[in-house]
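Atom set for the values below is all heavy atoms of this structure, side chains included, hydrogens, waters and symmetry mates excluded. The structure displayed is predicted, hence computed values, not measured ones.
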Amino acid sequence: MSNDVLNNIIKDIETRIDSVDITPEIENVGEVFYLWDWVAKVSWLKNVAYNEVVEFESWGTWVALNLEEHFVWVVVLNWFNAIKEWEKVKATWKILEVPVWDALIWRVVDSLGNPIDWLGELKTTTFYPVERVASWVMSRKHVHESMETGLKAVDSLVPIGRWQRELIIWDRQTGKTQVAIDTILNQKWLWMICVYVAIWQKEWKISRIVEELRKRWAMDYTIIVAAWASSPASMQYLAPYSGCAMAEYFMLNWKHALIVYDDLSKQANAYREMSLLLRRPPGREAYPWDVFYLHSRLLERAAKLNDSLWAWSLTALPIIETQAWDVSAYIPTNVISITDWQIFLESDLFNAGQKPAINVWLSVSRVWWDAQIKAMKKVAWTLKLDLAQYRELAAFSQFASDLDDSTRKQLERGKRMMELLKQWVYSPIPAAKQVCAIYAGANWFLDEIEVSKISKFEGDLYAALDDEKTILESIIKDKVLSEEKEAKLKEVLSKIVELNK
């Protein structure tokens, strides 16, 4: 073989060697050396971020929550039973995300966005991180739009504005969930996407809610995020953040959104369980020190974007369950301090048949004047004070044998207004009809009608308003009750009063 041929072979070999990538691929890999109750301790993982997803050989999904010098504590989200000690763990460099898009509407999903309604898999390639910094203050707008719930007692006494965080609070079995579901039903014609997050609820209860929403075609604009009572604490902790990410997607993509957290006291309990398993030091009532931040970073994501960002909004309705009327407990006081106002429900009113059982005296609205349409302001601006005075007089009259005429008239009027504010479940009422009904009570049209006939009077009024459409159309269009329409309304009310005497 000649030297030239040999040199060419050597050059060819050198070229091939130079073109081969012999740089080793560096992987961030660790091992499980502690495993217990949906929590694992992993060694040798470096440069792991908080809330980063880590992968296991057994296909489990875990999230890093405790970052320490020599090891990382991770929380299991699924496939816990398949994971073994000394199993290899690999960092993914990805923050936990959930699927978002219009495909989620009408679906029931778990905290990871996986469908659990047996309607097939979700087809979406769009994902949002479950943890996201709240919208910047300068990108927000003040409250100036009403978020109508369809509940007379709420829209007239404690109105909700778009992007506000309205707390619904009291003991179990007082109708908290029903207030939220009726609010979702009322958004059918108001072009608002709804996300209902169920935390630690029984499967039959969520199934019943889904069925009621489907019957009334409310699932056409609703997503259900469910963390069953049988789900691990990690999934219950994650559910509100996943639901919030889905709702934020619609807010940032030209739609108004409403999210219901039912309920955050159960999420706090799940977070307490996780924190104790992660060996975090307990504080008051055994909750970790950052439990306030748990809810504040979630609820602050509700926002009303300014005009340069197309003015879309995300409204939050968190629910808190108290124990034996203890509003001063740790979690209730925390969430009360974060939210903008509160709707207090009352067991005694609920048991007496007053539904929704809203305590007028304790319920507070901080931006009441900005969250109501002008027509409702005109007819309901003294209603809360009148009902509070009625309640005091009713308590006093139990011990009085003789009452003067003015006190007796005020008591009778209060009874009729309380009866007027009652409402059947799953039957939201449009704001225009609410204005006309409350106008009748505030202007003494009910004084001559027996309390037992108030419900019939209300039904006759709505039927008459459907025939006389100009009154409702005027309120819907202009948001005010003009003098001309007020005169027509008086005529309609007078006729109905005569029929129901």
Side-chain angles (χ1 to χ4, degrees), residues 97-117 119 122 124 126-132 134-135 147 149 160 162-168 176-188 190-201 205-206 209-210 212-214 216-228 231 235-264 266-267 295 297-305 312-319 339:
E97 297 177 325
V98 291
V100 295
W101 198 47
D102 292 353
L104 271 79
I105 295 174
W106 188 268
R107 303 303 301 270
V108 182
V109 298
D110 65 10
S111 302
L112 294 174
N114 301 315
I116 53 176
D117 52 7
L119 296 178
L122 289 169
T124 175
T126 308
F127 292 83
Y128 266 32
V130 295
E131 293 271 11
R132 180 179 171 274
S135 301
M147 202 284 294
T149 65
I160 304 173
R162 282 186 176 170
W163 87 256
Q164 292 302 115
R165 297 149 298 184
E166 175 84 2
L167 174 62
I168 304 171
K176 300 184 297 298
T177 299
Q178 193 59 56
V179 170
I181 296 302
D182 285 341
T183 302
I184 291 175
L185 292 175
N186 194 57
Q187 308 312 309
K188 185 173 184 178
L190 299 178
W191 308 106
M192 183 173 284
I193 301 297
C194 301
V195 179
Y196 177 77
V197 181
I199 311 160
W200 209 81
Q201 304 286 351
K205 183 177 180 180
I206 299 176
I209 290 173
V210 172
E212 293 294 342
L213 292 176
R214 283 177 177 164
R216 293 159 176 80
W217 300 100
M219 288 297 289
D220 288 347
Y221 52 88
T222 303
I223 303 168
I224 307 291
V225 181
W228 318 113
S231 301
M235 296 291 273
Q236 295 172 21
Y237 150 77
L238 184 63
Y241 296 100
S242 300
C244 189
M246 297 171 190
E248 275 183 324
Y249 166 80
F250 292 103
M251 178 187 70
L252 298 174
N253 287 273
W254 312 295
K255 288 184 177 69
H256 293 295
L258 166 70
I259 185 166
V260 176
Y261 303 110
D262 189 10
D263 66 75
L264 291 185
K266 299 297 190 300
Q267 188 213 12
H295 291 146
R297 73 178 189 266
L298 172 68
L299 295 174
E300 286 297 329
R301 291 163 71 175
K304 168 71 174 178
L305 303 179
W312 302 107
S313 66
L314 172 57
T315 307
L317 292 182
I319 296 175
T339 49

Peer 1: Kindly give the heavy-atom pair with the smallest separation between A247 and V195, and that separation in Å.
Peer 2: CB-CG2, 3.9 Å
Peer 1: With no hydrogens and no angle check, just 3.5 Å: does a side-chain donor-acceptor pair link H256 and Q187?
Peer 2: no
Peer 1: Would you say the side-chain atoms of T124 pair up with the backbone N or O of V100, donor to acceptor, closer than 3.5 Å?
Peer 2: yes
Peer 1: Working to the nearest 0.5 Å, report the span between OG1 of T183 and CD of Q178.
Peer 2: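 Those atoms lie 9.5 Å apart.
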Peer 1: May I ask you to decide if K304's main-chain N or O and S313's side chain share a donor-acceptor pair within less than 3.5 Å?
Peer 2: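 Here the side-chain-to-backbone pair does not exist.
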Peer 1: Return the set of residues passing ring pair (Phe, Tyr, Trp, His ring centres under 6.0 Å) with Y196 (not counting sequence neighbours), or none when no residue passes.
Peer 2: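 None.
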Peer 1: Do L104 and L122 come close enough that some side-chain heavy atom pair is under 4.5 Å?
Peer 2: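 Answer yes - side chains close enough.
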Peer 1: Less than 4.5 Å apart, side chain to side chain, heavy atoms only: is that true for L264 and L298?
Peer 2: yes
Peer 1: When rounded to the nearest 0.5 angstrom, what distance separates CD1 in I223 from CD1 in I259?
Peer 2: 9.0 Å
Peer 1: Got a second to check how far T149's OG1 is from N186's CG, nearest 0.5 Å?
Peer 2: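 Between atom OG1 of T149 and atom CG of N186 there are 6.5 Å.
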Peer 1: Heavy-atom distance under 4.5 Å between the side chains of D102 and F250, does that happen here?
Peer 2: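 Yes, their side chains come closer than 4.5 Å.
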Peer 1: Which heavy-atom pair separates Q236 from A227 by the least distance, and what is that distance?
Peer 2: CA-CB, 3.8 Å
Peer 1: If you measure from CD1 on I184 to CD1 on I224, what distance do you get to the nearest 0.5 Å?
Peer 2: 6.0 Å
Peer 1: Under the side chain to side chain donor-acceptor pair (under 3.5 Å) rule, collect the residues that match up with E248, sequence neighbours excluded.
Peer 2: R132, R301
Peer 1: Please tell me if the side chains of E131 and Y241 come closer than 4.5 Å, counting only heavy atoms from C-beta onward.
Peer 2: yes
Peer 1: Nearest 0.5 Å please: distance from the CG atom of L190 over to the CG atom of L258.
Peer 2: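 Here the interatomic distance stands at 10.5 Å.
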Peer 1: What is the minimum heavy-atom distance between A316 and L299, and which atoms define it?
Peer 2: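 That would be CB-CD2, 4.5 Å.
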Peer 1: Which residues pass the salt bridge (Lys or Arg N to Asp or Glu O under 4.0 Å) test with R214, not counting sequence neighbours?
Peer 2: none
Peer 1: Using a 6.0 Å cut-off, check whether atom CH2 of W101 has over 12 heavy atoms from anything other than its own residue.
Peer 2: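 Open: at most 12 neighbouring heavy atoms sit under 6.0 Å from CH2 of W101.
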Peer 1: Would you indicate whether the side-chain heavy atoms of V179 and L317 approach each other to under 4.5 Å?
Peer 2: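 No - every pair of side-chain heavy atoms lies 4.5 Å or more apart.
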Peer 1: Search all heavy atoms of P99 against all heavy atoms of L112 and return the closest pair with its distance.
Peer 2: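 P99 and L112 have their closest heavy atoms at CD-O, 3.5 Å.
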Peer 1: Mind checking ring pair (Phe, Tyr, Trp, His ring centres under 6.0 Å) for Y249 and listing every partner two or more places apart, or none if nothing turns up?
Peer 2: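 Ring pair (Phe, Tyr, Trp, His ring centres under 6.0 Å) check on Y249 returns Y128.
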Peer 1: With the side chain counted from C-beta on, respond yes when V210 and T222 share a heavy-atom pair under 4.5 Å apart, and no when they do not.
Peer 2: no
Peer 1: Considering residues, nucleotides and ligands other than W228, do more than 12 of their heavy atoms fall under 6.0 Å from its CH2?
Peer 2: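 Atom CH2 in W228 is crowded, with more than 12 foreign heavy atoms closer than 6.0 Å.
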Peer 1: What pairs with E97 under side chain to side chain donor-acceptor pair (under 3.5 Å), at least two apart in sequence or on another chain?
Peer 2: none
Peer 1: Please report the closest heavy-atom contact between V98 and A245, naming both atoms and the distance.
Peer 2: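 Shortest heavy-atom separation between V98 and A245 comes out as CG2-CB, 3.9 Å.
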Peer 1: To the nearest 0.5 Å, what is the distance between CE on M219 and CG on L213?
Peer 2: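 One gets 6.5 Å once the value is rounded to the nearest 0.5 Å.
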Peer 1: Are any non-hydrogen side-chain atoms of T177 and K205 less than 4.5 angstrom apart?
Peer 2: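 Of all side-chain heavy-atom pairs linking K205 with T177, at least one is under 4.5 Å.
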Peer 1: Can you sort out the partners of K266 under salt bridge (Lys or Arg N to Asp or Glu O under 4.0 Å), two or more places apart, ordered by chain and number?
Peer 2: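 Testing K266 for salt bridge (Lys or Arg N to Asp or Glu O under 4.0 Å), a comparison that skips the adjacent residues, returns D263, E321.
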Peer 1: State, with a plain yes or no, whether a side-chain heavy atom of K188 is found less than 4.5 Å away from one of R216.
Peer 2: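 The answer is no; the side chains never approach within 4.5 Å.
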Peer 1: For H295, run the side-chain hydrogen bond (donor to acceptor under 3.5 Å, both in side chains) check against R165, Q267, E300 and tell me which one passes.
Peer 2: Q267
Peer 1: If you take all heavy atoms of W106 and D220, which pair is closest and at what distance?
Peer 2: CZ3-OD1, 3.2 Å
